[in-house]
**Student:** 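Once you've had a glance at the structure underneath, I'll fire off some questions.
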Amino acid sequence: MIKETKKVAALLSGGVDSSVAVALLVEQGVRPDLWYIKIAPDEDEQLTCTIEEDLEMARAVAAKYGLPLQVVDLHKDYWEHVVRYTMERVRAGLTPNPDVMCNRLIKFGVFDERVGHDYDIIATGHYATTEVDEEGRTWLCSSPDAVKDQTDFLAQLMPWQLQKACFPIGHLPKAEVRAIAEREHLTTARRKDSQGICFLGKIDYNEYIRRYLGEKPGQVIDQATGRVLGMHRGVWFHTIGQRKGLGFSGGPWYVVRKDMERNILWVANGFDTTEQYSDHFAITAFHTLTAPLPFGADGTWRCNIKIRHTPEFTPATVSLTPTGDIAVHTSRPLQGVAPGQFGVLYDAACHRCYGSGELRLNPQPEPGR
């Protein structure tokens, strides 16, 4: 329960999750100020999200509960920080996660600088929970709805951001959130969940990369034989573990490595080939949320890991390397470990999230070496 003395800002996106978050706050007797964060520019209609529809939905929720709704324009900050981060990582051959950085830099970052500093609590419609331990530390904890759990998108928050965060729907399954929206007669009750990256609007992700980075043709080589299969239009159009869109016969073919220096895309043939999997890799620049990783006397910690936004947790043993990276050994080989994505570490109960960092693969030998 939120104390009556707390001043609360709730972020409305125009979707069902944030709408129900507001409904639950009101049910508790909280009267939050509502804010809609505008991140898409006006200049290019092709790149805008459904701003008008989102705002219409958000205004309907605000009107229903008699709450003030204001719009804060952060599109320049979003493009300066999140879009630039995304394209720089793509150019370097990595697989970025814009949603992770949007939460840290925009929703709980620039928003706090411009508006949120006047509030004690910032509430969102994320599927996550928080808890305070006996030492008064705030932990990011997983949602009971494993499919919708979004702790992996929040694992880069700064500790002070986490302390201000509130996730009113985090303890509920999606089906119940929908049911509450129906019960409350919210206009968002049957609205589909948003998919993809908002700033792209109606254009394809690869089309946007083409606009931003252009094309740079190079060879596609079979990892097992060293045979040149054909040409790609740019290594940055592909990610580790990708199968669709390669266009070669005799498949399936999977992307297993990207050589940015020589502009080579390495692929492997067949389902479940060993080249697609790895059970040991590293996490670099690990960001700690609440407390340091609890390594044992032998220098290891048994935990759980996520390497992408999926319901599954994978048991792992981690240790600290001499360079300060986290060495990860998973209980089973994982498919499509993509450098640049975030490795997120959890306790043995898959409950408390300790933080995250970018994945880094160990060097792989080339054919014949």
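By convention here, the first residue in the shown sequence is residue 1.
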**Student:** Taking it one step at a time, do Val267 and Gln223 satisfy side-chain contact (heavy atoms from CB on, under 4.5 Å)?
**Tutor:** CA-CA 6 Å; Val267 297; Gln223 172 82 9; over 6 Å; no
**Student:** Give me the atom names and distance for the closest heavy-atom approach of His287 to Leu157.
**Tutor:** NE2-O, 2.6 Å
**Student:** Between the side chains of His309 and Asp152, does any donor sit under 3.5 Å from an acceptor?
**Tutor:** yes
**Student:** Can you check whether Pro315's main-chain N or O pairs, donor with acceptor, with Ser331's side chain at less than 3.5 Å?
**Tutor:**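 Yes; at least one donor-acceptor contact below 3.5 Å.
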**Student:** Taking the side chain as everything from C-beta on, heavy atoms only, tell me whether Leu265 gets closer than 4.5 Å to Lys258.
**Tutor:**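 Touching, per the 4.5 Å side-chain cut-off.
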**Student:** Any chain of hydrophobic side-chain contacts (each under 4.5 Å) joining Leu12 to Leu186?
**Tutor:**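 The answer is yes; both residues are in one hydrophobic cluster.
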**Student:** Is NZ or CZ of Arg104 both nearer than 6.0 Å to the six-membered ring centre of Phe108 and within 45° of the ring axis?
**Tutor:**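 No, Arg104 does not lie over the aromatic ring of Phe108.
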**Student:** Any donor-acceptor pair under 3.5 Å linking the side chain of Arg178 with the backbone of Ala189?
**Tutor:** yes
**Student:** Is it true that Tyr212 and Ile39 fall in one hydrophobic cluster, defined by side-chain heavy atoms closer than 4.5 Å?
**Tutor:** yes
**Student:** Ignoring hydrogens, what is the shortest heavy-atom contact between His280 and Ser278? Give both atom names and the distance.
**Tutor:**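 Looking at all heavy atoms of both residues, the shortest contact is O-OG, 2.9 Å.
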**Student:** Quick one: closest heavy-atom pair of Leu162 and Thr138, and the distance?
**Tutor:** CD2-O, 3.6 Å
**Student:** Decide yes or no for Leu67 and Val61: does some side-chain heavy atom of the first lie under 4.5 Å from some side-chain heavy atom of the second?
**Tutor:**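 Sidechains of Val61 and Leu67: no contact.
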**Student:** Hydrophobic clusters here meaning ILVMFWY residues chained together by side-chain heavy-atom distances under 4.5 Å, can you tell me if Ile305 and Val337 are in one?
**Tutor:**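 Yes; tracing contacts between hydrophobic side chains, which count when under 4.5 Å, links both residues.
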**Student:** Look only at the side chain of Asn304 and the backbone of Asp347, and say whether a donor-acceptor pair between them is shorter than 3.5 Å.
**Tutor:** yes
**Student:** For Glu358 and Thr284, test the side chains for any donor-to-acceptor distance below 3.5 angstrom and give the result as yes or no.
**Tutor:** no
**Student:** Please confirm whether Tyr346 and His351 have ring centers closer than 6.0 angstrom.
**Tutor:** no
**Student:** Thinking salt bridges, do Arg210 and Glu207 make one under a 4.0 Å N-O criterion?
**Tutor:**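 So Arg210 pairs with Glu207 through a salt bridge.
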**Student:** Could you tell me if the side chain of Thr330 sits less than 4.5 Å from the side chain of Phe281, heavy atoms only?
**Tutor:**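 Counting from C-beta outward, Phe281 and Thr330 do come under 4.5 Å.
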**Student:** For Ser13, is there any backbone N or O sitting under 3.5 Å from a side-chain donor or acceptor partner on Ser18?
**Tutor:**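 Confirmed, Ser18 side chain pairs with Ser13 backbone.
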**Student:** Hey, could you give me the CZ/CG distance between Arg211 and Asn206, rounded to the nearest 0.5 Å?
**Tutor:** 12.5 Å
**Student:** Looking only at heavy atoms, which two atoms of Leu140 and Ala128 are closest? And how far apart?
**Tutor:** CD1-CB, 4.0 Å
**Student:** Evaluate the criterion side-chain hydrogen bond (donor to acceptor under 3.5 Å, both in side chains) for residue pair Tyr65 and Glu27; output intermediate values, then yes/no.
**Tutor:** CA-CA 10 Å; Tyr65 296 109; Glu27 191 176 272; over 6 Å; no
**Student:** How long is the gap from OG1 on Thr188 to CG on Asp54, to the nearest 0.5 Å?
**Tutor:**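 Reported value, rounded in 0.5 Å steps: 11.0 Å.
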**Student:** To the nearest 0.5 angstrom, please state how far the CD atom of Gln150 sits from the CG atom of Asn103.
**Tutor:** 8.0 Å
**Student:** Would a 4.5 Å heavy-atom cut-off, applied to side chains only, mark Leu229 and Arg227 as touching?
**Tutor:**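 They are in side-chain contact.
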**Student:** A side-chain contact here means heavy atoms from C-beta on lying under 4.5 Å apart; do Cys141 and Arg352 qualify?
**Tutor:**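 In contact.
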**Student:** Which atom pair, heavy atoms only, marks the closest approach of Val344 to Cys353?
**Tutor:**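 Heavy atoms only, the tightest pair is CG1-SG, 3.6 Å.
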**Student:** Thr321 side chain to Asp325 main-chain N or O, any donor-acceptor pair under 3.5 Å?
**Tutor:**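 Checking the backbone N and O of Asp325 against the side chain of Thr321, a donor-acceptor pair under 3.5 Å is found.
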**Student:** Can Tyr277 be reached from Ile307 by stepping across I, L, V, M, F, W or Y side chains whose heavy atoms are under 4.5 Å apart?
**Tutor:**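 Cluster IDs for Ile307 and Tyr277 differ.
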**Student:** Run the numbers on Ser356 and Gln156 for side-chain hydrogen bond (donor to acceptor under 3.5 Å, both in side chains), then give the verdict.
**Tutor:** CA-CA 6 Å; Ser356 68; Gln156 281 281 310; 3.0 Å; yes
**Student:** Quick one: does His232's side chain have a donor or acceptor within less than 3.5 Å of a partner on Asn263's backbone?
**Tutor:**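 At least one qualifying donor-acceptor pair exists.
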**Student:** Verify side-chain contact (heavy atoms from CB on, under 4.5 Å) between Trp35 and Leu69, making sure each step is shown before the conclusion.
**Tutor:** CA-CA 6 Å; Trp35 291 89; Leu69 173 66; 5.7 Å; no
**Student:** Is there side-chain contact between Val328 and Ile283, with at least one heavy-atom pair below 4.5 Å?
**Tutor:** yes
**Student:** In Å, rounded to the nearest 0.5 Å, how long is the span from CG of Asp73 to OH of Tyr36?
**Tutor:**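 These two atoms lie 10.0 Å from each other.
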**Student:** Output the distance between atom CD1 (Ile326) and atom CZ (Arg360), rounded to the nearest 0.5 Å.
**Tutor:** 11.0 Å
**Student:** Could you state the interatomic distance from CD (Glu135) to OG1 (Thr290), rounded to the nearest 0.5 Å?
**Tutor:**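 Between atom CD of Glu135 and atom OG1 of Thr290 there are 11.0 Å.
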**Student:** Could you please spell out the steps behind the side-chain contact (heavy atoms from CB on, under 4.5 Å) verdict for Val132 and Arg137?
**Tutor:** CA-CA 5 Å; Val132 179; Arg137 300 176 299 183; over 6 Å; no
**Student:** Decide ring pair (Phe, Tyr, Trp, His ring centres under 6.0 Å) for Tyr354 and Trp301; before the verdict, give the C-alpha distance in whole Å, the side-chain angles of both, and the deciding distance to 0.1 Å.
**Tutor:** CA-CA 12 Å; Tyr354 274 77; Trp301 176 46; 4.8 Å; yes
**Student:** Closer than 4.0 angstrom, basic N to acidic O: yes or no for Lys7 and Asp118?
**Tutor:**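 Looking at Lys7 and Asp118, the cut-off is not met.
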**Student:** Do Ile209 and Tyr78 belong together in a cluster built from hydrophobic side chains that touch within less than 4.5 Å?
**Tutor:** yes
**Student:** Taking all non-hydrogen atoms of both residues into account, name the closest pair between Pro68 and Pro32 and its distance.
**Tutor:**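 Shortest heavy-atom separation between Pro68 and Pro32 comes out as CD-O, 4.3 Å.
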**Student:** I'd like to know if Asp17 pairs up with Lys148 as an ion pair, taking the criterion as any Lys NZ or Arg NE/NH1/NH2 lying under 4.0 Å from an Asp or Glu carboxylate oxygen.
**Tutor:**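 Looking at Asp17 and Lys148, the cut-off is not met.
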**Student:** Would you indicate whether the side-chain heavy atoms of Phe286 and Leu293 approach each other to under 4.5 Å?
**Tutor:**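 Of all side-chain heavy-atom pairs linking Phe286 with Leu293, at least one is under 4.5 Å.
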**Student:** I'd like to know if the side chain of Lys306 and the backbone of Thr310 have a donor-acceptor N/O pair within less than 3.5 Å.
**Tutor:** yes
**Student:** Counting N and O atoms only, with roles assigned by atom type, does the side chain of Lys6 sit under 3.5 Å from a partner on the main chain of Asp120, one being a donor and the other an acceptor?
**Tutor:**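 Looks like no, no N/O pair under 3.5 Å.
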**Student:** Report yes or no: does Arg308 contribute a side-chain atom to a donor-acceptor pair with the main-chain N or O of Gly336 at less than 3.5 Å?
**Tutor:**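 Judged by distance alone, yes, a pair lies under 3.5 Å.
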**Student:** Short question: side chain of Asp149, backbone of Ser142 - any donor-acceptor pair under 3.5 Å?
**Tutor:**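 Looks like no, no N/O pair under 3.5 Å.
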**Student:** Given Phe295 and Thr300, is the side-chain contact (heavy atoms from CB on, under 4.5 Å) satisfied, shown in steps?
**Tutor:** CA-CA 5 Å; Phe295 295 114; Thr300 67; 5.6 Å; no
**Student:** Is the shortest distance from a Lys or Arg side-chain nitrogen in Asp279 or Arg332 to a carboxylate oxygen in the other one below 4.0 Å?
**Tutor:**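 Salt bridge between Asp279 and Arg332, a charged N being under 4.0 Å from a carboxylate O: no.
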**Student:** Checking side-chain polar atoms at under 3.5 Å, does Asp259 have a donor or acceptor matched by the opposite partner on Trp266?
**Tutor:**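 No donor-acceptor contact under 3.5 Å links the two side chains.
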**Student:** Looking at Glu56, I want to see if its CD is surrounded by more than 12 non-hydrogen atoms of other residues, nucleotides or ligands under 6.0 Å.
**Tutor:**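 Result for CD/Glu56: open.
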**Student:** Yes or no on salt bridge (charged side-chain N to carboxylate O under 4.0 Å, His left out) for Lys107 and Asp112, after CA distance, side-chain angles and deciding distance?
**Tutor:** CA-CA 8 Å; Lys107 291 180 181 178; Asp112 193 83; over 6 Å; no
**Student:** Would you indicate whether the side-chain heavy atoms of Leu74 and Arg114 approach each other to under 4.5 Å?
**Tutor:**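 When only atoms from C-beta onward are counted, Leu74 and Arg114 do touch, with a gap below 4.5 Å.
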